[in-house]
Chemist: 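Sharing a structure here in structure tokens format.
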Amino acid sequence: MKALRRLGLAAVAVSAMTTNVLAADIVIGIRSEPSSMDPYFHNLTPNNSMIGHVFERLVEFDSNQAIFGGAAESWKPVNDTTWEFKLRKGIKFHDGSDLTVDDVIFSFERADNYEGGNSSFRTYTKGKKLVKVDDHTLHIVTEEPYPLMANDMTTVMIMSSEAKGTDSSGKNKGISAKDFNDGTAAIGSGPYKFVEWKKGEEIVLEKFDGYTGLIKQPWDKVTFKFIKSEPARVAALLAGDVDAIDNVPTVDIERLKKDPRVVLSSGISNRVIYLHLDQFRDVSPFVTDKAGNPMTSNPLKDARVRKALSMMINREAIVERVMEGVAIPAGQLLPKGFFGVSPNLKPDPYDPAAAKKLLAEAGYPDGFALTAHGPNDRYINDAKILEAIGQLFTSNGIPTKVETMTKNVFFKRASSGADGQPEFSLVLVGWGSGTGEASSPLKSLLATHDKDKGMGASNRGRHSNPKMDELLNKALATVDDAAREKLLAEATDVGIGEDMGIIPLHYQVNTWATKKGIKYIPRTDERTTAFDFVPE
Amino acid sequence: MTVFVIRRLLQAALVMLIMSLLVFGGVFLVGDPVEMLVADDADQAERQAIIKSMGLDLPFYMQYLRFVGNALQGDMGNSFVFQEPAMELILERMPATFELAVAALLIAVVIGIPLGIYAGLKADSWVSKTIMTASILGFSVPTFWVGIMMILFFAVVLGWLPSTGRGDTVELFGIPVSFLTLDGLQHLILPAVNLALFKLSMVIRLARAGTREVVHQDYIKFARAKGLSTGRIIGVHLFKNIMIPVVTVLGLEFGGLIAFSVVTETVFAWPGMGKLLIDSIGFLDRPVIVAYLLFVVGLFVFINLIVDVLYSVLDPRVRLQEVKS
């Protein structure tokens, strides 16, 4: 009897599940709403992940940021400065028209000349000339050898050149962001069609039957609901109002693990959390002696001091206690498996004795005092991490005060204070590699700050080492993958291994939660995409 | 009367001008919107271009004068994030907030007044004491926490009501409303109750105080002596008289409901103006923050003006004479 009843229950459960999967609709609760459906309006993760459902790119990232063919089925360099892309034949836009090289050129022109918007794709389009060979063959010509061509092509989305807009001034090819937001011009060739955007509430997408690409289409209808508040997002999942959520708060993970209705999927991201240290001022404003008096020198300029600080950080303990186990200790810019990662670098072990010795060697046997700054609403548990680091420094002879503030105040001051220079001495920040390889963080965080060359744009510690710059520049001009990978690893060995230009703390692990019967294939680029939710 | 209104309008204009300077100056001092908007891997030239396109390279007084100049022509500027007119964004979200506020107000009145009258009539009973204790809770427990608890209890544990969002809407005179569909109504209940709690407590206390005062007055005793039924005494004589303070306060509080439903809208992901404000603060979307706050100031000035005008029309003694005759 008992067995029978159990069988009956199981049957009910199975049938409930299958009807769910057959209906193939999914409602996903996400934290961030995109700012536009215009693919070139704002180069930002929430936008790129949402709009990427509707539009194809020439090349796509899979969940590990490995590249595969999007609208292009193959690509190769034909000489040092020319790349050839072959488009897949038979690609249809959502309005039924064909996608050809003309549409690609139209899209790149609109992206490159975009006026207004919040952050353009020019970083990826500038210096590139697109030449039509035939309807399905495209040449992209650069002045210098350009190895990152395929990676760059994972950014700009391809829209129909026949899309019509309402902007009479002719700006942005006469199509304004509004025309995408209401759907008029949102004609792509991606796996999902744009249906509707209720601002502040939800975006609805629908499966495109004419899609011929490699991305799976597990759902007929996809609804993204924007739920910013973290407890509300978790509650919405538990209440069954949404089938899945992104950015599960770490405090809830243990509890959700025990909940039989919920499946957690977590995966490492390309985002490293690290410390920038002031390496450009002879006297740093937030470094004092232990009595609180200004110092005559800036200890943070000395690589040995930076190494000592790194060894005072108990990464294992931070991951275990602060991050609830959901992070991985870091010893460089990207986790193992990414392109350009150095095989030589491991996370620094917690070793206060060695740290003290190094400090003494550097001429600071008595240590000094610090104030560390960081955001409290930008990265997972950011304020708590910084507090833990402050305690570790303090207990190892570097009395440290910790000040955290909201991100919209913090970043301004961390990048350019009153005198236009970074204001703080030691800051906690994070970096996600948009290109999925090591040149992105090397270029922005460790290369010498140079406005004209666009290097070191986010180098808030102003670390600078000509040797590393040279290796990086060489890598950026080397088309041969194996040789480039080696150069990037060498540059990392110099920037982190020798110099400790930044102190890496841990790689973030992102967590998605789904109701039973669905799981998420975690993406390293932190995007939440409907096609990576798969019925189990 | 006309002089009074004109004088008040001039005062209102002055208030708006001072507010605009305070608000504009306030948000100008905080942070850098470009840091919030720009892609991580944008280079320095790209940042510079964005700063210029938003007019953030100009000194403060230039930005402010430009803003005032445009505002006088009815243009409150474009949102940095969406690059659409800030006022349009706010008005787009207004129906949702308005609906929530009206629902909350109705709940406060429909439940609060009977409870308050009961507590006033039978002040010593344990039911009254319970009502009054509960109303203290309604005053003192933070809205955010109550909202989360309501979601946990009614949506997660019991599964009766949806936890988030607005649900289906239909158009009423071209404005999307959710109270006309079952799904929309279900979505409305929790946030409306959450938003109503504070006002509900207030209405209970006002109605109770009014009742306690009015029951002992001569005309109630006289009505009783005439042999009128208790229902009629409470429903007509008592009710009408306690309503004067309740209506006055609620009129003023309605503006507050609309302006400060921020917390409730955030907890329940209700797509109204409050959520827009919070999102805009997160992104340092200055034009929307300024437009929102000025809109709220305008709303309060307007409501106050109406209340004042009504007062000068509805002199209580005039009403009293009418009742007597």
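Letters go in sequence order (proteins before strands), and every chain restarts at 1.
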Chemist: Is a donor on one side and an acceptor on the other found under 3.5 Å between the side chain of A/Asn408 and the backbone of B/Met36?
Modeler: no
Chemist: So which atom in A/Ala457 and which in B/Ala42 form the shortest heavy-atom distance, rounded to 0.1 Å?
Modeler: CB-O, 3.7 Å
Chemist: Quick one: which residues of residues 286-294 of chain B reach chain A at under 4.5 angstrom, heavy atoms only?
Modeler: none
Chemist: Top residue by heavy-atom pair count (under 4.5 Å) with chain B, among A/Thr406, A/Val409, A/Ile227, A/Val234?
Modeler: A/Ile227
Chemist: To the closest 0.5 Å, what do you measure between NZ (A/Lys228) and OG1 (B/Thr164)?
Modeler: 13.5 Å
Chemist: Using a strict 4.0 Å threshold on nitrogen-to-oxygen distance, state whether A/Lys199 and B/Asp279 make a salt bridge.
Modeler: no
Chemist: In terms of heavy-atom proximity below 4.5 Å to chain B, should A/Ser120 be classed as side chain, backbone, both, or neither?
Modeler: both
Chemist: Heavy atoms only: give me the nearest B/Pro271-A/Gly200 pair and the separation to one decimal.
Modeler: CB-O, 3.6 Å
Chemist: Under 4.5 Å, counting heavy-atom pairs only, tell me which of A/Pro231, A/Gly116, A/Gly117 racks up the most with chain B.
Modeler: A/Gly117
Chemist: Applying a heavy-atom distance below 4.5 Å, give me the residues of residues 76-89 of chain B that approach chain A, sorted by number.
Modeler: B/Phe80, B/Val81, B/Phe82, B/Gln83, B/Glu84, B/Glu88, B/Leu89
Chemist: Would you find more than 12 non-hydrogen atoms of other residues, nucleotides or ligands less than 6.0 Å from B/Phe60 atom CZ?
Modeler: yes
Chemist: Given that the side chain runs from C-beta out, which part of B/Glu92 has a heavy atom under 4.5 Å from chain A: side chain, backbone, both or neither?
Modeler: side chain
Chemist: Could you give the distance from CD (B/Gln48) to NZ (A/Lys451), rounded to the nearest 0.5 Å?
Modeler: 6.5 Å
Chemist: What closest approach, in Å, do B/Gln44 and A/Asp450 show between heavy atoms, and which atom pair accounts for it?
Modeler: NE2-O, 3.7 Å
Chemist: Could you tell me if A/Ser415 and B/Glu35 have a donor-acceptor pair between their side chains, going purely by distance under 3.5 Å?
Modeler: yes
Chemist: Counting only non-hydrogen atoms closer than 4.5 Å, does B/Leu276 touch chain A with its backbone (N, CA, C, O), its side chain (CB onward), both, or neither?
Modeler: neither
Chemist: Report which part of A/Phe410 has an atom under 4.5 Å of a heavy atom belonging to chain B: side chain, backbone, both, or neither.
Modeler: neither
Chemist: For chain B, find which of A/His42, A/Glu230, A/Met405, A/Lys453 contributes the most heavy-atom pairs closer than 4.5 angstrom.
Modeler: A/His42
Chemist: Without swapping roles, check the side chain of A/Lys225 against the backbone of B/Gly165 for a donor-acceptor pair under 3.5 Å.
Modeler: no
Chemist: Can you tell me if CZ on B/Phe98 sees more than 12 non-hydrogen neighbours from other groups inside 6.0 Å?
Modeler: no
Chemist: With a 4.5 angstrom heavy-atom cut-off, could you sort out which part of B/Leu37 is near chain A: side chain, backbone, both or neither?
Modeler: both
Chemist: Do you know the tightest heavy-atom contact between A/Ala236 and B/Ser163?
Modeler: CA-OG, 3.2 Å
Chemist: Can you tell me how far CZ of B/Phe283 sits from OG of A/Ser35, rounded to the nearest 0.5 angstrom?
Modeler: 6.5 Å
Chemist: Side-chain contact test, heavy atoms from C-beta onward, threshold under 4.5 Å: evaluate it for B/Met54 versus A/Asn118 and give yes or no.
Modeler: yes
Chemist: Heavy-atom cut-off 4.5 Å, strictly under: side chain, backbone, both or neither for A/Pro441 against chain B?
Modeler: neither
Chemist: Which atoms form the tightest heavy-atom contact between A/Arg261 and B/Val156, and what is the distance?
Modeler: NH1-O, 4.4 Å
Chemist: Would you find a donor on one side and an acceptor on the other, under 3.5 Å apart, between the side chain of B/Glu46 and the backbone of A/Phe121?
Modeler: no
Chemist: Could you look at A/Asp241 and say if it's the side chain, the backbone, both or neither that has a heavy atom under 4.5 Å from chain B?
Modeler: side chain
